[in-house]
There are 2 protein chains.
Amino acid sequence: MQDHVKIFEDYLKKHNLKLTRPRHVILAAVFANHSHFDVDALYDQIHQKYTDVSRATIYRTMPLLIEAGLIKRSLRSQARDHYEHIFGHKHHLHLICNKCGSIIEAESAAVETLLQNLAKRYNFTITECNIGARGLCEKCRE
Amino acid sequence: MQDHVKIFEDYLKKHNLKLTRPRHVILAAVFANHSHFDVDALYDQIHQKYTDVSRATIYRTMPLLIEAGLIKRSLRSQARDHYEHIFGHKHHLHLICNKCGSIIEAESAAVETLLQNLAKRYNFTITECNIGARGLCEKCRE
DNA sequence: TAGTAAATGAGAATCATTCTCAAAGTTTTC
DNA sequence: GAAAACTTTGAGAATGATTCTCATTTACTA
Ligand SMILES: [Mn+2]
Ligand SMILES: [Mn+2]
Ligand SMILES: [Zn+2]
Ligand SMILES: [Zn+2]
């Protein structure tokens, strides 16, 4: 059973952090759907069932989930941080439409390989790629 | 004489915006050095000679310079927007060291081409690429 | 040079995020 | 299973980058 719950719990134990109810609730909410999210949306979602989990705790938990390798900070739209979970998902890149705001997720393996090779030339060790582009989607082009 | 000043002035005229002193001062400061900058650093730099140019005007001018194709919003470090000018510079990508914070600028043409081809498959028209990676630089790896 | 519309500076407002601290929870030890 | 030792939590205050407001100034037009 090597699921996200186990990974998080292992991470917490390894770092002498406690396995608390809010942390489990937040983790579950993060993996309850598979799209990008921001803290505000997450708070709304959680708050329907668990009125006692505070924004502060959500903000405090994001770095833990990142450190555990379960989510990444993926985009920033109008001054708000966005996250997406990465555990259970392939690496991908984002094509963001400037008009309608829709996000296409595309396979990134080839681009990442090229990027890795490039980094090698600078003796740079990549731990996290961030690849994306803005433009116009099919529908918005006409 | 197709320099950045001319480009900016043409942009302003074309959009019925006025060629003001603060806008010229800000443009000059942006191109006075060739590194990344944030509004705060820019303000400090400008404020030494031109004490009457306000932060508000600098913030208001950034989108104009972006629209004119002279700068781009390039990175965000700890909640602060960073910019770099792009006129007169080749496209490049950023390798950011997580330890020392240094930024390596690397040639991005090959990666961008690949990204363009990928986008084509989704009928997506790219106007702006954003490619980068985090990790450890040569010095910080030991 | 006057008339008109846009731009500016100063500081207030906004708003996402971080911080503070007293109260509550978790783990360890007996 | 209860107390000690330590961590986490919620609530709301604080912070800090960015945006807004509005009275005043400036740039352009004729
Ligand atoms: Mn995604
Ligand atoms: Mn750069
Ligand atoms: Zn679109
Ligand atoms: Zn380094």
Side-chain angles (χ1 to χ4, degrees), chain A residues 5 8-30 36-68 71-83, chain B residues 5 8-30 36-68 71-83:
Chain A
V5 178
F8 192 40
E9 288 179 349
D10 287 351
Y11 170 83
L12 292 174
K13 276 175 197 151
K14 186 173 166 192
H15 293 263
N16 287 333
L17 301 171
K18 295 182 177 168
L19 285 64
T20 66
R21 191 179 123 89
R23 283 176 178 161
H24 280 114
V25 167
I26 292 165
L27 176 68
V30 162
H36 295 196
F37 61 92
D38 56 35
V39 169
D40 224 52
L42 196 56
Y43 175 78
D44 288 347
Q45 183 190 334
I46 289 171
H47 200 249
Q48 293 181 358
K49 285 198 109 173
Y50 307 93
T51 55
D52 53 341
V53 175
S54 73
R55 270 198 178 73
T57 300
I58 298 178
Y59 275 111
R60 286 190 277 240
T61 304
M62 293 298 107
L64 303 181
L65 293 172
I66 291 173
E67 264 301 305
I71 68 172
K72 73 181 281 196
R73 202 159 62 172
S74 115
L75 297 166
R76 168 175 292 248
S77 78
Q78 69 239 353
R80 230 177 182 139
D81 282 332
H82 277 233
Y83 301 87
Chain B
V5 178
F8 193 39
E9 290 180 348
D10 286 351
Y11 171 83
L12 292 174
K13 276 174 198 155
K14 187 173 165 190
H15 292 264
N16 286 334
L17 301 171
K18 295 180 177 170
L19 283 66
T20 66
R21 192 180 123 89
R23 285 178 177 159
H24 279 115
V25 167
I26 292 164
L27 175 68
V30 162
H36 295 196
F37 61 92
D38 56 35
V39 168
D40 225 52
L42 196 57
Y43 175 77
D44 288 347
Q45 185 191 331
I46 289 171
H47 200 251
Q48 293 180 358
K49 285 199 108 173
Y50 306 94
T51 54
D52 53 341
V53 175
S54 74
R55 269 198 179 74
T57 300
I58 297 177
Y59 275 110
R60 286 190 277 240
T61 304
M62 293 298 106
L64 304 182
L65 293 172
I66 291 172
E67 265 300 304
I71 68 173
K72 73 182 280 196
R73 203 160 60 173
S74 116
L75 298 166
R76 168 176 293 249
S77 78
Q78 69 240 352
R80 229 177 184 142
D81 282 332
H82 277 232
Y83 302 87

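Residue numbering restarts at 1 for every chain, and letters A, B, ... go by the order of the sequence lines. When reading the values below, keep in mind they use all heavy atoms of this one structure, side chains included, and skip hydrogens, waters and symmetry mates.
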* Asked: So, does the side chain of Arg23(A) form a donor-acceptor pair with the base of dG25(C) at under 3.5 Å?
  -> no
* Asked: How many Å lie between OH on Tyr50(A) and P on dG10(D), as a whole number?
  -> 13 Å
* **Nearest heavy atoms of Tyr11(B) and Ala68(B), plus distance in Å** => CG-CB, 3.7 Å
* Audit row: Gln45(A), Phe37(A), side-chain contact (heavy atoms from CB on, under 4.5 Å) steps and yes/no -> CA-CA 10 Å; Gln45(A) 183 190 334; Phe37(A) 61 92; over 6 Å; no
* May I ask you to say what Asp81(B) touches in the nucleic acid, namely base, sugar-phosphate or nothing, with a heavy-atom cut-off under 4.0 Å? => sugar-phosphate
* Asked: To the nearest angstrom, how far is Tyr83(B) atom OH from dA17(D) atom P?
  -> 13 Å
* Asked: Step by step, would you call Arg21(A) with Asp52(A) a side-chain contact (heavy atoms from CB on, under 4.5 Å)?
  -> CA-CA 10 Å; Arg21(A) 191 179 123 89; Asp52(A) 53 341; 3.9 Å; yes
* Expressed in angstrom and rounded to an integer, what is the separation of Arg60(A) atom CZ from dC19(C) atom C1'? -> 9 Å
* **Atom of Ala29(B), atom of Ile46(B) and distance for their closest heavy-atom approach** => CB-CG1, 3.5 Å
* Asked: Do the side-chain N or O atoms of Tyr59(A) get closer than 4.0 angstrom to the phosphate oxygens (OP1, OP2) of dT17(C)?
  -> yes
* To do: Could you go through the side-chain contact (heavy atoms from CB on, under 4.5 Å) check for Leu19(B) and Phe8(B) one step at a time?
  => CA-CA 9 Å; Leu19(B) 283 66; Phe8(B) 193 39; over 6 Å; no
* To do: Would you kindly compare Val53(A) and Arg76(B) by the position of their nearest DNA chain D nucleotide and give the one closer to the 5′ end?
  => Val53(A)
* Asked: Please give, in whole Å, the distance from dT17(C) P to His82(A) NE2?
  -> 9 Å
* Round to the nearest Å and state the distance from Met62(A) atom CE to dA16(C) atom P. => 16 Å
* Roughly, in whole Å, what's the span from NE2 in His24(B) to P in dT26(D)? -> 16 Å
* So does Arg80(A) reach the base of dT14(C) with its side chain, donor to acceptor, closer than 3.5 Å? -> no
* Under 4.0 Å between a side-chain N/O of Thr57(B) and OP1 or OP2 of dG9(C), yes or no? -> yes
* Give Ala79(A) one of three labels, base, sugar-phosphate or nothing, depending on what nucleic acid heavy atoms sit under 4.0 Å from its own. => sugar-phosphate
* Take atom CD1 of Ile26(A) and atom C1' of dT9(D), then tell me their distance rounded to the nearest Å. => 10 Å
* Nearest whole angstrom, please: distance from the P of dT7(D) to the CG of Leu64(A). => 14 Å
* To do: State, to 0.1 Å, how close Val39(A) and Met62(A) come at their nearest heavy-atom pair, and which atoms those are.
  => CG2-CG, 4.2 Å
* Take Arg23(B) and Leu17(B) through the test side-chain contact (heavy atoms from CB on, under 4.5 Å) and record every step on the way to the result. => CA-CA 10 Å; Arg23(B) 285 178 177 159; Leu17(B) 301 171; 3.7 Å; yes
* To do: Please check the phosphate of dG9(C) (OP1 and OP2 only) for any side-chain N or O of Arg55(B) closer than 4.0 Å.
  => no
Write down the protein N/O and nucleotide N/O pairs, taken from nucleotides 26-30 of chain C, whose separation is under 3.5 Å; answer none if there are no such pairs.
| from | atom 1 | to | atom 2 | distance (Å) |
| --- | --- | --- | --- | --- |
| dT26(C) | O2 | Lys18(A) | NZ | 3.1 |
| dT27(C) | OP1 | Leu19(A) | N | 3.4 |

